[in-house]
> 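Before we start, here is the structure in question, set down as structure tokens.
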Amino acid sequence: MSTEQLIQNGLNAVRLLRQQKHKLGHPFMINLNSLPQGQFYLEYPDGSITLSVINFENNEYQTIRQLSHAEITALKTSLNLA
């Protein structure tokens, strides 16, 4: 299997996991290297997205802020999730 095929298979697996999480009513975590350490996005089944941070002391996360509609559209477009 080529590297390109492996990458595509990985992307398909992540897309499927995202759909499954949303179907169960759970948020999907989006980690990006461009965010500060410990920060990530949570995409909820209703389409809303929050910027959140992990508290390593108690392994819980806190919401920093809710993204605006324009920010959500831009993020989904940049990640090819639209």
Side-chain angles (χ1 to χ4, degrees):
M1 186 176 291
S2 72
T3 302
E4 190 173 303
Q5 288 172 320
L6 286 172
I7 291 170
Q8 189 59 48
N9 287 348
L11 291 173
N12 290 340
V14 170
R15 286 186 182 108
L16 180 62
L17 177 62
R18 177 177 170 248
Q19 289 175 347
Q20 290 172 341
K21 294 284 247 176
H22 286 165
K23 199 177 280 187
L24 292 171
H26 301 297
F28 179 74
M29 182 186 284
I30 301 170
N31 289 307
L32 298 177
N33 291 334
S34 59
L35 292 173
Q37 182 178 1
Q39 290 187 11
F40 54 91
Y41 295 109
L42 282 177
E43 179 190 25
Y44 291 88
D46 67 1
S48 64
I49 298 179
T50 60
L51 176 62
S52 302
V53 64
I54 189 78
N55 181 336
F56 291 105
E57 292 178 12
N58 61 13
N59 288 328
E60 293 184 5
Y61 70 89
Q62 297 175 306
T63 299
I64 297 173
R65 68 181 183 87
Q66 178 114 9
L67 272 63
S68 70
H69 181 69
E71 290 172 314
I72 291 170
T73 300
L75 179 64
K76 286 184 175 183
T77 299
S78 72
L79 297 176
N80 203 18
L81 297 176

> For residues L35 and F40, report the shortest heavy-atom separation together with the two atoms involved.
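Scanning both residues completely, I find the closest heavy atoms to be CD1-CA, 3.6 Å.
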
> Kindly state each residue pair satisfying salt bridge (charged side-chain N to carboxylate O under 4.0 Å, His left out) with at least one member in residues 49-60, sequence neighbours excluded.
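Non-adjacent pairs meeting salt bridge (charged side-chain N to carboxylate O under 4.0 Å, His left out): zero.
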
> Quick one: CG on L75 to CD1 on I49, what's the gap to the nearest 0.5 Å?
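That separation rounds to 5.0 Å.
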
> Which value, rounded to the nearest 0.5 Å, describes the distance between Q66 atom CD and L42 atom CG?
10.5 Å

> If a pair satisfies side-chain hydrogen bond (donor to acceptor under 3.5 Å, both in side chains) and one of its residues is in residues 14-38, list it, with sequence neighbours excluded.
R18-E43

> Starting at NE2 of H69, measure out to OG of S48 and round the result to the nearest 0.5 Å.
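If we round to the nearest 0.5 Å, H69:NE2 and S48:OG are 12.5 Å apart.
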
> Is there a continuous path of hydrophobic side-chain contacts, each under 4.5 Å between heavy atoms, that joins L11 to I30?
no

> Using the side-chain hydrogen bond (donor to acceptor under 3.5 Å, both in side chains) criterion, which residues pair with N55? Sequence neighbours excluded.
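side-chain hydrogen bond (donor to acceptor under 3.5 Å, both in side chains) list for N55, sorted by chain: empty.
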
> What distance do I72 atom CD1 and L67 atom CG have between them, rounded to the nearest 0.5 Å?
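Separation between the atoms: 5.5 Å.
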
> Which residue in the set L32, L51, I54 passes side chain to side chain contact (heavy atoms under 4.5 Å, CB included) when paired with Q39?
L51

> Do T3 and I7 come within less than 4.5 Å of each other through their side chains, counting heavy atoms only?
yes

> With rounding to the nearest 0.5 angstrom, report the NZ to OH distance, K76 to Y41.
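Interatomic distance, K76 NZ to Y41 OH, rounded to 0.5 Å: 13.0 Å.
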
> Between N9 and Q5, do the side chains contain an N or O donor and an N or O acceptor separated by less than 3.5 Å?
no

> Is there a continuous path of hydrophobic side-chain contacts, each under 4.5 Å between heavy atoms, that joins F56 to Y61?
yes

> Rounded to the nearest 0.5 Å, what separation is found between the CD atom of Q8 and the CG atom of L6?
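Going from the CD atom of Q8 to the CG atom of L6 covers 11.0 Å.
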
